[in-house]
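Because the structure is predicted, anything quoted here is derived from the model rather than measured.
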Amino acid sequence: MSFDVAVVGGGPVGMLLAAELALQGVRPVVLERLPTPTGESKAGTLHARTAQSLNRRGLLDAVGRSSYGGVRFHFSGMFELDLGAVAGEGPSIVGSPQAWAEQVFADRAVSLGAEIRRGHEVVGLVQDADRVTLTVTGPAGPYELAARYVVGADGARSAVRGLAGIPFTGTPAGVAALMGDVRLLDPLPGGWHRTPRGWLMVWGGGTYGHSRIGTYDFRGPHADRQAPVTLEELRSVVEHIAGHPVRMVEPRGLTRYGDAALQAESYRRGRVLVAGDAAHVHFPWGGQGLNTGMEDAVNLGWKLAAQVRGHAPDGLLDTYHDERHPVAARVLWNVRAQTALADPDPRVDPLRELFTELMRLEQVNDHLSGMISGTATAYDVGHPGAGRLAPDMELKTADGDVSLVELLRPGRPLFLGSPDEGDELVDVVARWAGRVDTVRARCEPQLIRPDGYVAWCAPGDAASLRAALRRWFGEPGEPG
């Protein structure tokens with residue numbers, strides 16, 4: 001059986017990408033190695049830009065609990081940022097357990113026609129001029145599956161990335177981190193704690209229930225990254241960092257990780273692409289990894305769909321790497337900076353004190369908050385003044401008032417034009433009527449991509465609008 005796209009990896013990024021592809025009329029299949037969802041949530045924070053993107057698909061209310069206005073957040077464990085200052089429209093942050101969001105996206109993908117296969121592991125990959133053939137091990141044994149394109153969203157140890165020969169380079173781990181749930185018999189204060197020996201994080205539970213414990217040990221990386229974590233190992237590290245005995249029992253979900261910062265050198269090799277942790281991994285400062293991956297999915301979905309449907313202009317699919325690789329590289333950069341600032345050596349204390357003072361300055365807050373929340377993201381789309389997410393607005397049209405967010409939910413390109421008859425710009429876009437929707441409203445004219453980013457805006461002229469339409473949506477006169 002052949003599919004348009006095979007998405008390998010059924011986490012939040014893979015499921016969201018499948019939903020985005022299916023929304024565009026493309027037939028994806030998701031191949032997930034695990035037979036059932038684990039229900040574990042290693043991440044639980046969605047930032048403002050991710051929330052805005054999900055709102056443009058009608059998914060925001062389903063994924064979690066939104067917080068609006070001023071929200072205190074941290075940079076390298078210094079809780080001096082106010083994310084609300086840069087959030088703009090919508091929530092400043094969303095509490096969304098990873099497993100919950102994953103199921104929301106899976107349900108959406110299936111409702112739009114995607115197929116999800118659990119317990120199916122990709123073990124081989126061969127691509128030729130017009131397709132990719134995967135060797136898959138499933139519950140009934142091995143089989144081959146053909147797809148026109150394959151996207152690896154299968155995590156840091158991506159089989160797809162390795163089989164496609166895409167280099168994954170960066171800096172190795174120097175910090176050993178542990179995380180898991182235990183029942184504490186000796187109390188530990190909740191929150192983030194930096195000691196001269198490392199970091200200790202405690203969330204929930206207290207003495208009488210399970211607490212989630214995290215440790216950052218700066219003595220060096222794990223000797224064996226793959227070794228199972230034992231209760232004794234976690235207890236020993238906690239006691240080392242805390243500086244006193246800490247009794248704990250009933251461990252569950254114990255895991256280890258490090259601060260390696262790695263990125264795929266290319267997000268595309270022929271008909272194989274990578275997204276999420278398969279494209280970039282780093283220490284989890286600020287919860288940026290999941291958000292970066294979900295924005296990968298939103299950026300890639302409509303472009304890959306256009307390629308599959310045969311009306312993508314030359315080079316459109318390559319803009320996925322061009323736009324998203326620099327975003328993730330900047331995330332890796334700021335995470336490395338946070339790790340350096342987090343060093344428990346007391347000699348770093350004055351630097352942290354100085355940084356804390358700087359973060360209270362409005363300009364510094366906005367710079368760092370925009371970086372962490374993703375709201376500073378802008379793409380080079382080849383037109384002056386364009387490239388940022390189009391902010392939501394209420395539009396007065398002949399059919400009544402409507403919000404821009406609502407207009408973007410079908411996932412189609414959108415031109416906002418003048419309601420006046422004889423407008424030259426509206427006439428230009430009319431040649432792309434099968435592919436680009438036009439809404440006449442009293443607002444500045446702008447051309448908006450399916451991912452919500454502005455591809456063209458005033459004061460551009462008719463010639464520059466034609467160029468933008470061709471660059472992003474192909475030649476006119478073809479069906480959408």
Side-chain angles (χ1 to χ4, degrees), residues 45 72-83 170-180 182 184 186-206 211-225 229 231-248 254-262 281-289 330-365 367-369 371-372:
T45 298
R72 190 181 180 199
F73 204 72
H74 75 94
F75 190 88
S76 190
M78 295 174 282
F79 283 81
E80 297 293 338
L81 295 181
D82 176 12
L83 298 182
T171 54
V175 177
L178 300 175
M179 179 173 286
V182 297
L184 292 171
D186 295 312
L188 285 172
W192 295 59
H193 305 281
R194 175 175 173 264
T195 81
R197 296 165 300 279
W199 284 77
L200 178 61
M201 290 77 70
V202 182
W203 299 276
S211 299
R212 173 153 293 187
I213 305 295
T215 63
Y216 297 163
D217 188 346
F218 279 68
R219 290 176 294 181
H222 295 292
D224 183 355
R225 177 68 174 77
V229 181
L231 177 63
E232 174 58 27
E233 181 183 4
L234 178 62
R235 183 197 59 77
S236 175
V237 175
V238 168
E239 291 184 346
H240 165 73
I241 294 172
H244 58 78
V246 180
R247 295 175 299 160
M248 57 183 69
L254 303 186
T255 186
R256 72 174 74 243
Y257 57 98
D259 67 324
L262 305 170
V281 295
H282 53 79
F283 218 39
W285 291 113
Q288 298 175 83
R330 189 162 174 81
V331 170
L332 267 65
W333 171 72
N334 88 59
V335 166
R336 289 186 182 108
Q338 293 189 67
T339 302
L341 280 167
D343 193 310
D345 191 318
R347 290 176 295 181
V348 179
D349 293 356
L351 180 59
R352 291 181 63 84
E353 292 164 3
L354 174 60
F355 216 84
T356 296
E357 288 189 13
L358 292 174
M359 290 165 68
R360 293 169 185 156
L361 300 176
E362 181 178 348
Q363 186 174 358
V364 176
N365 176 84
H367 181 76
L368 294 178
S369 295
M371 185 186 301
I372 297 294

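Of all the heavy atoms in Pro221 and Ala176, the pair that sits closest is C-CB, 4.0 Å. Nearest approach of Val246 to Glu239, heavy atoms of both residues: N-OE2, 2.9 Å. Shown here for Leu254 and Leu231, the closest heavy-atom pair between the two residues is CD1-N, 3.9 Å. In terms of heavy-atom proximity, Ser211 sits nearest to Gly204 at OG-O, 2.8 Å. Of all heavy-atom pairs spanning Leu200 and Ala242, the tightest one is CD2-CB, 4.2 Å. Contact record, Arg197 with Ile241: NH2-O, 3.1 Å, taken as the closest heavy-atom pair.
Put simply, CG on Leu178 and CD on Glu233 are 5.0 Å apart, with the number rounded to the nearest 0.5 Å. Interatomic distance, Glu362 CD to His367 NE2, rounded to the nearest 0.5 Å: 14.5 Å. With rounding to the nearest 0.5 angstrom, the CG atom of Leu184 is 5.5 Å from the CE atom of Met248. In this structure, CG on Leu188 lies 5.5 Å from CD1 on Ile213, to the nearest 0.5 angstrom.
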Kindly indicate, with the supporting measurements, whether the criterion side-chain contact (heavy atoms from CB on, under 4.5 Å) is fulfilled by Leu368 and Phe355.
-> CA-CA 11 Å; Leu368 294 178; Phe355 216 84; 4.0 Å; yes
Test side-chain contact (heavy atoms from CB on, under 4.5 Å) on Trp333 and Met371 and set out the steps.
-> CA-CA 11 Å; Trp333 171 72; Met371 185 186 301; 4.0 Å; yes
Please assess His282 against Gln288 for the test side-chain contact (heavy atoms from CB on, under 4.5 Å), listing each intermediate value before the final yes or no.
-> CA-CA 9 Å; His282 53 79; Gln288 298 175 83; 4.2 Å; yes
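Side chain of Arg72 to backbone of Asp82: no donor-acceptor contact under 3.5 angstrom is found. At distances below 3.5 Å, at least one donor-acceptor pair connects side-chain atoms of His193 with backbone N or O atoms of Pro189. Formation of a donor-acceptor pair under 3.5 Å by the Asp259 side chain with backbone atoms of Val175 is found in this model.
Every pair passing side-chain hydrogen bond (donor to acceptor under 3.5 Å, both in side chains) that includes a residue from residues 337-346 is listed here, sequence neighbours excluded: Trp285-Thr339, Asn334-Gln338, Asp345-Arg347.
Contacts of Arg360 classified as salt bridge (charged side-chain N to carboxylate O under 4.0 Å, His left out), with partners at least two apart in sequence or in another chain: Glu80. Checked against salt bridge (charged side-chain N to carboxylate O under 4.0 Å, His left out), Glu232 has the following partners two or more places apart in sequence or in another chain: Arg235.
Aromatic ring pairs are classed by plane angle as parallel below 30°, tilted from 30° to 60° and perpendicular above 60°; the pair Tyr216 and Trp199 is tilted.
The aromatic ring centroids of Trp192 and His74 lie less than 6.0 Å from each other.
Side chains of Val331 and Arg336 form no contact here, defined as non-hydrogen atoms less than 4.5 Å apart. Met179 is not listed as a side-chain neighbour of Met201, based on a closest heavy-atom distance of 4.5 Å or more. Taking 4.5 Å as the limit, some side-chain heavy atom of Leu81 sits within range of a side-chain heavy atom of Met359.
For the residue pair His222/Arg256, the side-chain donor-acceptor check at 3.5 Å is satisfied.
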